[in-house]
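Order of listing sets the numbers, starting from 1, for every ligand and every atom in it. No hydrogens, no waters, no symmetry mates; every other heavy atom, side chains included, goes into these values. Just so we're clear, the structure is a prediction, and the values are computed from it rather than from any experiment. For the single chain, residues carry numbers from 1 onward in sequence order.
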Amino acid sequence: METSRESFDRSASACAIPEALARRLRTARRVAVLTGAGISAESGVPTFRDAQTGIWAHFDPLELATPAAFARQPRVVWDWYAWRRELVAAAKPNPGHFALAAIERRVADFLLITQNVDGLHQAAGSTRIVELHGNIARVKCARGCGSVDAWDDTDGSEPPRCPQCGAFLRPDVVWFDEMLPAEALLRAEQAAGDCELMLVVGTSAEVHPAAALPEAARAGGATVAEVNPNPTPLTDRVDYPLRGRSGIVLPALFAAAWPPSA
Ligand code: BV8
Ligand code: ZN
């Protein structure tokens, strides 16, 4: 086992990695990675597919994560994010996150494109990253005054209000029917179009425009590998469908590409 910087088992070979893929990763100069909720599942963060638990069991996430829901039930949506924020705050990155941070340190031109709002990639040491859908740890004014670091959440009947304009505060995430941050999306589309290899990890590949990035990579001539224990709409169109959990497969992929000095 290596030092904590790469706190995952570098000699992991718990699953067979095609030698051609390992060579592609080792020799690629431009690599892009797209991640979804599945990479954080082994850190105890429920995916969007996983049934909501407890009081949220009756709510459809696709329902709650919308401007319409916030307009209709601002406090309910605020509380849902407060609940998820606590879950995420207690979660630790897993070997899948650490393996991607280690791959980043070995590749010249690398970009990690995440749909996750949990910040676990950064906690694992990833630095060349774009958050397509925002980050749940940040809160901002719903009317656009900008982000707010501290808020008083005593009045339970409605969300806290913006100290500047009095509008409700909301999580700094991208809701359905909302535009993605333009700069992040542009960087993601460029990296997808230019990369030689794209790893697609832990996503059901159904939410757009993120789900279109693997297609852009293929159109650019890149090799595409998918890491997922379940098939997705993408599986039949990738070069390497690696069936397994990212906390197992990604350390094995790293070890296959950069075998611990024999
Ligand atoms: C927009 C932040 C313009 C909030 C999120 C084109 C075609 C069809 C629909 C559309 C389209 N273009 C736009 C749309 C509409 C919509 C959309 O895509 N709808 C879908 C449902 C069909 N897109 C939008 O609204 C986007 N905005 O288009 O703006 C616009 C503007 C105005 C008016 C009209 C248009 C905004 C999308 C972003 C929404 N925000 N998150 C929050 O987190 O609360 S999306 C959210 O859901 C996540 O960020 C993520 O993107 C998605 C969930 O998907 P995954 O992450 O993949 O997770 P999921 O649970 O689905 O799957 C988990 C996977 O992991 C599974 O495959 C499982 O097998 C796997 N897994 C499980 N365990 C493991 C594992 N894998 C590896 N290891 C394991 N251990
Ligand atoms: Zn404001």
A.B. asks: Geometry only, no angles: is R245 polar-contacting ligand 1 at N/O separations under 3.5 Å?
C.D. replies: no

A.B. asks: Charged N to carboxylate O below 4.0 Å: is that the case for E226 and R237?
C.D. replies: no

A.B. asks: Could you tell me whether Q115 and ligand 1 have an N or O pair separated by under 3.5 Å?
C.D. replies: yes

A.B. asks: Which part of A37 is near ligand 1, with near meaning a heavy atom under 4.0 Å away: side chain, backbone, both or neither?
C.D. replies: both

A.B. asks: Looking only at the side chains, is there a donor atom on one of H121 and T35 sitting less than 3.5 Å from an acceptor on the other?
C.D. replies: yes

A.B. asks: Are any of the N or O atoms of F48 closer than 3.5 Å to those of ligand 1?
C.D. replies: yes

A.B. asks: Heavy-atom contacts with A41 under 4.0 Å: which atoms of ligand 1 show up? List them by number with element.
C.D. replies: 73 (N)

A.B. asks: From atom 25 (O) of ligand 1, work out which of V207, D177, L234 has a heavy atom at the shortest distance.
C.D. replies: D177

A.B. asks: To the nearest 10°, how many degrees is the angle C162 SG to the Zn ion (ligand 2) to C145 SG?
C.D. replies: 110°

A.B. asks: Using a 4.0 Å heavy-atom cut-off, which part of L180 comes near ligand 1: side chain, backbone, both, or neither?
C.D. replies: side chain

A.B. asks: Can you name the closest pair of heavy atoms from S40 and H97 and give their distance?
C.D. replies: OG-NE2, 3.2 Å

A.B. asks: Tell me whether N116 contacts the main-chain N or O of G36 through its side chain, where contact means a donor paired with an acceptor under 3.5 Å.
C.D. replies: yes

A.B. asks: What do we get for R84 next to ligand 1 when only non-hydrogen atoms under 4.0 Å count, side chain, backbone, both or neither?
C.D. replies: side chain

A.B. asks: Got a second to check how far T235's OG1 is from N230's CG, nearest 0.5 Å?
C.D. replies: 9.0 Å

A.B. asks: Counting only heavy atoms, tell me which of T47, V173, N228 gets closest to atom 66 (C) of ligand 1.
C.D. replies: N228

A.B. asks: Below 3.5 Å, N or O to N or O, backbone or side chain included: is there any such pair between W80 and ligand 1?
C.D. replies: no

A.B. asks: List every atom of ligand 1 that sits less than 4.0 Å from any heavy atom of E42, numbering the atoms from 1 in the order shown and giving each element.
C.D. replies: 78 (N), 79 (C), 80 (N)

A.B. asks: Does W83 have R85 sitting over its ring (NZ/CZ under 6.0 Å from centre, angle to axis within 45°)?
C.D. replies: no

A.B. asks: Is the shortest N/O to N/O distance between G202 and ligand 1 below 3.5 Å?
C.D. replies: yes

A.B. asks: E131 and Q122: side-chain donor and acceptor closer than 3.5 Å?
C.D. replies: yes

A.B. asks: Does NZ or CZ of R75 come closer than 6.0 Å to the centre of the six-membered ring of W80, within 45° of the ring's axis?
C.D. replies: no

A.B. asks: Assess whether salt bridge (Lys or Arg N to Asp or Glu O under 4.0 Å) is satisfied between R30 and D109, documenting all intermediate values.
C.D. replies: CA-CA 5 Å; R30 297 184 306 284; D109 184 343; 5.0 Å; no

A.B. asks: For atom 75 (C) of ligand 1, tell me which residue out of A210, S43, P229, A205 has the closest non-hydrogen atom.
C.D. replies: P229

A.B. asks: Is the contact between H208 and ligand 1 made by the side chain, the backbone, both, or neither, using heavy atoms and a 4.0 Å cut-off?
C.D. replies: both

A.B. asks: Please say whether W175 places an N or O atom under 3.5 Å from an N or O atom belonging to ligand 1.
C.D. replies: no

A.B. asks: Under 3.5 Å, N or O to N or O, is V174 touching ligand 1 that way?
C.D. replies: yes

A.B. asks: Any donor-acceptor pair under 3.5 Å linking the side chain of R161 with the backbone of A167?
C.D. replies: no

A.B. asks: Under the side chain to side chain donor-acceptor pair (under 3.5 Å) rule, what do R138 and S147 come out as? Steps first, then yes or no, please.
C.D. replies: CA-CA 7 Å; R138 292 193 303 265; S147 58; over 6 Å; no

A.B. asks: Look only at interatomic distance and state if E178 has a nitrogen or oxygen under 3.5 Å from any nitrogen or oxygen of ligand 1.
C.D. replies: yes

